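Below, chain A is the first sequence line, B the second, and so on; all start at residue 1. Quantities reported herein were computed from a predicted structural model and do not represent experimental measurements.
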Amino acid sequence: MWALLLSLVSGSTTEARGGEQAVPRRIVSLAPSVTEVLFEAGLGPRVVGVTSYCRFPPEVLALPNVGGYLTPSYEALVALRPDLVVILPEHADIEPRLAALRIPTLRLDHRSLEGIVRSVIALGERCGAQASAAQAAGALRQHLARVQQMGTGRSRPRVLICFGRTEDFGRLYAAAPGTVHDDLIRQAGGQNALTSGVVSYPTLSVEGLLRLDPDVIVEFAAGRPDAAALRRQWNALDALRAVKTGRVHVFTDDFLSVPGPRFVRFAETIARLLFQR
Amino acid sequence: MRSRALVWFFAGACMTMAVAVMLGPGGTVSSLVPRNEVESRIVTDVRLPRVCLGFLAGAALATAGMAFQALFRNALATPYTLGVSSGASLGAAVYVHSGITGSLAGIPGHAFAALAGAVGAIALVYAIAYAAAGFSSSTLLLAGVAVSFLFTSVILAVQYVGDVTTSFRIGRWLLGGLEVVGFAPVLHVLPFALIGIVILLAIPRELDLLVIGEESAAMRGVPVRAIKQLIFAAASLMVGGVVSTCGPIGFVGLVVPHIGRILLGPRHRTLGPFSVLAGGAFLVACDAVGRIVVAPIEIPVGIITALVGGPFFLAMLVQGHARHRIRG
């Protein structure tokens, strides 16, 4: 009965979701990867607000800020008068509140490289920019096709992508099957050294690393200053095959924590490491 | 004298709410009467519901904290001591992990899952305390703490095995907050808060006597067991209702009743209304600070309650008020 009363109270707010959708002119992005996809689809000029985590492309730094990635300010959102807010599955709890504010939303899924490419097309369709979006998505698909060709007919090396490593290797996180990083490995022609996907990003100890003994180790250390110093630390684990064969690679680029178009293109870098030695 | 102080606290609470509704990003002050459509939507859809929810949640948490401190005769008891918060958090975590998304009347589905978790925790603690030693306060306390630890471990396990999306959503839930849109969430909390507060404010004499001791209360005609069960049920359900919508917001339930004891003494006839007014006003003020200080980035209110309430509470203790402990 209480739920019925609640639904009566908010009835006027939910019905706004139906009906014909106008072409959005004032778009707000609630995630850095969404912002990148919006610009990739040629919709940059329509973006009127981004989160405090959005840093790319550089022009977004001048745009109004609507707060954190998971903690947007609803006041700031309403003040921008958006006609579309683009979100990710992480924003499932925010979505009903945006509906209550009668702000239309579009949910994208960036948990795979194909999902990122599809989101470019979905944005183009929703925003009446099918041509520019299809062109951008086509370019990304061609890129992935070239990457896949690099590994054709070759054996698939066992690759470990890791992050958040302590200096003494006491603990590090690795990407398991089912994650966007696992997809990056597979698209680049490798196979994940981790085979169990029970935990998406499990912690590993040195013992765990030695047992896995991957052919190639890729460390993502987004935002860290000195990739060479981080690479040298791996020499302490010279029992690992990847260390012995010089196949440990450290990357510190910021975009590695943003599963957007740059992340898709990064598959080529990984494929070169695996197959062009 | 004390009733006059309560009138001042009532005026202060009303003033705090009005100022919170007027305060915008970066400390800008807007009129209570909106001048355009955007301002009108901000005030009516966002700020006013948020301030109302903040007052209800703060009042409920402070009153529950006061009641638990009396029930357990323990200055460290909080609304979350009996595992209600961890039960609600576990309900929300399992819901998020299950991958279900949905909402009813503008309230996210996890709020209903959290309410189910809170009720489950209350039932479990009650059953353990009842079975173990006939509802003794110490068994109730131990059962609550143990259930709380158990549920917290399960939450961590759910978060660990989840993907990035699950992990982020659970993490955000555990931060707590008052970011709501529209009055539906306020109406969701209202019956829990109102019924709980009315029950707890109606038994000041019993709470006073419980603080002195259960035997002494029984000698003066208090049906101790029934009153304990009433306090447990009223306060727990009230906290469950609040936590299911706002997440676990800490410190209000601990600090506000103690400040009341320092300012007005330990009698629950005045301490109860003080907890309602000051708890509500304190949470509204903390939320306003979190909302405007680095706008549009919002600091979750639980961080502000600890940052503001902690030093204030410690300063009061250091200034010689330490003698006012739970028994006055």
Side-chain angles (χ1 to χ4, degrees), chain A residues 2-14 31 49 51-53 64-81 88-103 107 109-111 175-176 178-181 197-203 259, chain B residues 24-25 37-43 45-47 49-50 92 95-96 99-112 157 160-169 171-173 175 177 179-188 190-192 290-292 294-300:
Chain A
W2 193 247
L4 184 69
L5 177 62
L6 291 177
S7 60
L8 287 174
V9 166
S10 67
S12 60
T13 63
T14 48
T51 73
S52 53
Y53 292 92
N65 184 334
V66 296
Y69 157 56
L70 290 176
T71 52
S73 159
Y74 296 100
E75 289 192 22
L77 271 169
V78 172
L80 285 174
R81 292 177 289 111
L88 292 175
E90 288 92 309
H91 299 112
D93 306 320
I94 291 168
E95 211 171 349
R97 292 173 186 158
L98 294 173
L101 284 170
R102 300 180 291 281
I103 299 175
R107 193 198 292 196
D109 191 340
H110 289 169
R111 289 176 288 192
T179 63
V180 70
H181 296 92
V198 174
V199 179
S200 298
Y201 292 96
T203 48
Chain B
E37 200 225 323
V38 169
E39 210 172 86
S40 164
R41 285 185 70 192
I42 288 175
V43 170
D45 289 352
V46 183
R47 233 181 265 166
R50 185 169 178 159
Y95 174 84
V96 169
I100 305 167
T101 54
S103 64
L104 180 63
I107 299 170
H110 65 64
F112 297 102
Y160 184 65
V161 300
D163 61 11
V164 176
T165 303
T166 306
S167 205
F168 271 135
R169 286 179 64 196
R172 178 65 197 92
W173 159 266
L175 281 176
E179 303 86 359
V180 293
V181 170
F183 281 94
V186 183
L187 286 177
H188 177 79
L190 186 67
F192 295 99
R291 185 162 54 80
I292 64 173
V294 282
I297 296 167
E298 295 189 353
I299 304 171

[atom1] of [X] to [atom2] of [Y]: how many Å apart, nearest 0.5 Å?
X        : Y        : atom1 : atom2 : result
A:Asp93  : B:Glu179 : CG    : CD    : 11.0 Å
B:Asp163 : A:Thr179 : CG    : OG1   : 9.5 Å
A:Tyr74  : B:Glu298 : OH    : CD    : 8.5 Å
A:Ser73  : B:Ile292 : OG    : CD1   : 12.0 Å

Which of B:Val38, B:Val43, B:Val46 passes side chain to side chain contact (heavy atoms under 4.5 Å, CB included) with A:Glu75? It is B:Val46
Most heavy-atom pairs under 4.5 angstrom with chain A, which of B:Glu37, B:Arg41, B:Arg50?
B:Arg41
Given heavy-atom pairs under 4.5 angstrom as the criterion, report whether the side chain, backbone, both or neither of [X] touches chain B.
X       : answer
A:Pro72 : backbone
A:Val66 : backbone
A:Ser52 : side chain

Which residues pass the side chain to side chain donor-acceptor pair (under 3.5 Å) test with B:Ser167, not counting sequence neighbours?
none
So which residue, A:Pro89, A:Gly68, A:Ala176, ends up with the most heavy-atom pairs under 4.5 Å with chain B?
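Highest number of pairs under 4.5 Å: A:Pro89.
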Please identify, among A:Glu90, A:His91, A:Arg111, A:Arg81, the residue contributing the most non-hydrogen atom pairs under 4.5 Å to chain B.
A:Glu90
Mind checking what makes side chain to side chain contact (heavy atoms under 4.5 Å, CB included) contact with A:Thr51, not counting sequence neighbours?
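Side chain to side chain contact (heavy atoms under 4.5 Å, CB included) list for A:Thr51, sorted by chain: A:Leu30, A:Pro32, A:Tyr53, A:Cys54.
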B:Asp45 and A:Val78, any side-chain heavy atoms less than 4.5 Å apart:
no
On a heavy-atom basis, which atom in A:Tyr201 and which in B:Tyr160 lie closest, and how many Å separate them?
O-CE1, 4.4 Å
